[in-house]
Each structure stands twice: as structure tokens, then as C-alpha cells.
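Take a look at the structure below.
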Amino acid sequence: MKIATWNVNSINARLHTVLAWFREAQPDVACLQELKCVDEKFPREPFEALGYNLAVFGQKSWNGVALLSKHPLSDVRRGLPGDDADEHSRYVEAVVEGLTPVRVASIYLPNGNPIGTDKFPYKLRWMERLRAHAATLLPLEERLVLAGDYNVIPTEA
């Protein structure tokens, strides 16, 4: 199964480029981040015409994640558990019902900038919530892919 991930930085602004890539690469599953649109503004029809099933968790102006799969999607989760007050659209997860099912999540982790604001502690809390959620998924003994834009660099630079 070919699984790809791409921070598209506005699905509607780059639709032509994204569709061209889908036609060429033909991923079985694609995880998209930074959609920058609400669910109703996501361009579903061109992707459905290419044979994709969709799970979208959009947000106006920024954020937003999606899963697009050539296989049916089940057990869809919109949002990362652990903070009911978190309104950011940064996590969508589903089971891709292929020959061998695989649980896939599209992640757009907060970048935490600038340090010294509430954005960095939010990022650290989000990362802890992701770790905690992953710990609940591992005992299921399913195939699991947590893909996306992690906004992490190896050094302080």
C-alpha cells in the first residue's frame, strides 16, 4: 500500500498542482495537512472522481487535515483526544479497509512559534496528547501509520 503525506498549504490555492500529483503518483492513501478551508469548502468532487474516499477535518484560514483513500474508510476520528477545548483541526484518523486494514492518521502538529508565547507550551501539550493517544492504539495490534507534518527540527537552530 502506497501511503503519502503532503502539507499542501491551502488545498484550494494549489488544487491544480495537487490533482496533477495525485494522477501521477496515485497513492493508495494520502494524508494532507494545512488545508486552510472548512469542510464544506474542501474540493471533494475532483478527488472522488479519481476514486478516493475522504475524511476531512478542516478549519478556516489555517490548519485542517484530510485522509484520502482508494479503499473505504471506517472508524473515523476527527481531532486528537485529550483536550475537549482544543478547536484546532490538526488530526484525523481512520482505518483504511484494504486487503490488510491499516489505521492511518494525518497530523499537523503545532509549530510552537514564537517561543515565549502560549504557542510553545500548547505544542508540548499537543505532543504529549499524541504520545498518549498512540499508546492507546498500540495495544490494538493493528498496522498503524501516524503521518504528517510534525513541525519538529533536531536542533535549536
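FYI, the numbering just counts along the sequence from 1.
- Panel note: side chain Asp28, backbone Lys2; a donor-acceptor pair is recorded below 3.5 Å.
- To the nearest 0.5 angstrom, Tyr122 atom OH is 11.0 Å from Asn111 atom CG.
- Using cut-offs of 30° and 60° for the angle between ring planes, the Trp6 and Trp21 rings count as perpendicular.
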>> I'd like to know whether Cys31 forms a side chain to side chain contact (heavy atoms under 4.5 Å, CB included) with Val65, so could you lay out the CA-CA distance, the side-chain angles of the two residues, the decisive distance to 0.1 Å, and finally the verdict.
In response: CA-CA 7 Å; Cys31 303; Val65 286; over 6 Å; no

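- A continuous path of ILVMFWY side-chain contacts below 4.5 Å connects Ile3 to Phe57, so both sit in one hydrophobic cluster.
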> Would Leu50 and Leu19 satisfy side chain to side chain contact (heavy atoms under 4.5 Å, CB included), going step by step from the backbone distance to the final call?
Replying inline: CA-CA 9 Å; Leu50 292 174; Leu19 287 170; 4.0 Å; yes

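- Screening residues 100-122 for salt bridge (Lys or Arg N to Asp or Glu O under 4.0 Å), with sequence neighbours left out, gives Asp75-Arg103, Glu93-Arg103, Arg103-Glu142.
- Considering Val8, Thr5, Ile107 in turn, Thr5 is the only one that fulfils the side-chain contact (heavy atoms from CB on, under 4.5 Å) rule with Gln33.
- In terms of the side chain to side chain contact (heavy atoms under 4.5 Å, CB included) criterion, residue partners of Arg44 (sequence neighbours excluded) are, by chain and number, Phe42, Glu48, Leu54, Val56.
- Evaluation of the side chain to side chain contact (heavy atoms under 4.5 Å, CB included) rule for Arg143 yields Thr100, Val102 as partners, not counting sequence neighbours.
- Side-chain contact, Asn9 with Lys36: a donor N or O sits under 3.5 Å from an acceptor N or O.
- In this view, Ser74 and Glu97 satisfy the side-chain hydrogen bond (donor to acceptor under 3.5 Å, both in side chains) rule, not counting sequence neighbours.
- Shown here is Leu140, whose CG atom has more than 12 heavy atoms of other residues, nucleotides or ligands within 6.0 Å.
- The closest donor-acceptor contact from the side chain of Lys70 to the backbone of Tyr52 lies at 3.5 Å or more, if one exists at all.
- Side-chain atoms of Met127 and Val152, non-hydrogen and from C-beta on, do get closer than 4.5 Å to each other.
- Remark: the backbone N or O of Leu67 is not paired with any side-chain donor or acceptor of Ser106 at under 3.5 angstrom.
- Leu80 and Val76 fall into different hydrophobic clusters, defined by Ile, Leu, Val, Met, Phe, Trp and Tyr side-chain heavy atoms under 4.5 Å apart, directly or through other members.
- Note on residues 91-121: pairs passing ring pair (Phe, Tyr, Trp, His ring centres under 6.0 Å), not counting sequence neighbours, are Tyr91-His133.
- For Ala20, there are no side chain to side chain contact (heavy atoms under 4.5 Å, CB included) partners two or more places apart in sequence or in a different chain.
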>> Would Val95 and Leu73 count as a side chain to side chain contact (heavy atoms under 4.5 Å, CB included) here? Give the steps.
In response: CA-CA 6 Å; Val95 174; Leu73 297 171; over 6 Å; no

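- Note that OG of Ser69 is 6.0 Å distant from CG of Asn53, once rounded to the nearest 0.5 Å.
- Residues satisfying the side-chain hydrogen bond (donor to acceptor under 3.5 Å, both in side chains) test with Arg125, not counting sequence neighbours, are none.
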>> For a side chain to side chain contact (heavy atoms under 4.5 Å, CB included) check, start with the C-alpha distance between Leu144 and Leu138, then their side-chain angles and the critical distance, and finish with the verdict.
In response: CA-CA 8 Å; Leu144 174 65; Leu138 291 175; 4.1 Å; yes

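- For residues 11-24, no pair satisfies salt bridge (Lys or Arg N to Asp or Glu O under 4.0 Å), with sequence neighbours left out.
- Here the closest non-hydrogen pair linking Pro121 and Thr117 is CD-O, 3.1 Å.
- Taking CH2 from Trp126 and NE2 from His88, the interatomic distance works out to 11.5 Å, rounded to the nearest 0.5 Å.
- Both Leu68 and Ile11 belong to a common hydrophobic cluster when Ile, Leu, Val, Met, Phe, Trp and Tyr are linked at side-chain heavy-atom distances under 4.5 angstrom.
- The backbone N or O of Gly64 lies less than 3.5 Å from no partner atom in the side chain of Ser89, so there is not a single donor-acceptor pair.
- Looking at Leu109 and Asp149, their side chains never come closer than 4.5 Å, going by heavy atoms from C-beta outward.
- With sequence neighbours excluded, no residue forms a side-chain hydrogen bond (donor to acceptor under 3.5 Å, both in side chains) with Asn151.
- Both Val104 and Val92 are assigned to one and the same hydrophobic cluster, defined by single-linkage of ILVMFWY side chains at heavy-atom distances under 4.5 Å.
- Qualifying side chain to side chain contact (heavy atoms under 4.5 Å, CB included) partners for Val38, counting only residues two or more places apart in sequence or in other chains: Glu40, Lys41, Lys60.
- Taken to the nearest 0.5 Å, the CG atom of Asn63 stands 11.5 Å off from the CD atom of Glu87.
- Asp39 is linked by a side-chain hydrogen bond (donor to acceptor under 3.5 Å, both in side chains) to Arg78, counting only residues two or more places apart in sequence or in another chain.
- Within the model, atoms CG of Leu137 and CG of Leu146 stand 7.0 Å from one another, a figure rounded to the nearest 0.5 Å.
- Trp62 belongs to no multi-residue hydrophobic cluster, having no ILVMFWY side-chain contact under 4.5 Å with any other such residue.
- Under a 3.5 Å cut-off, the side chain of Arg129 and the backbone N or O of Pro81 do form a donor-acceptor pair.
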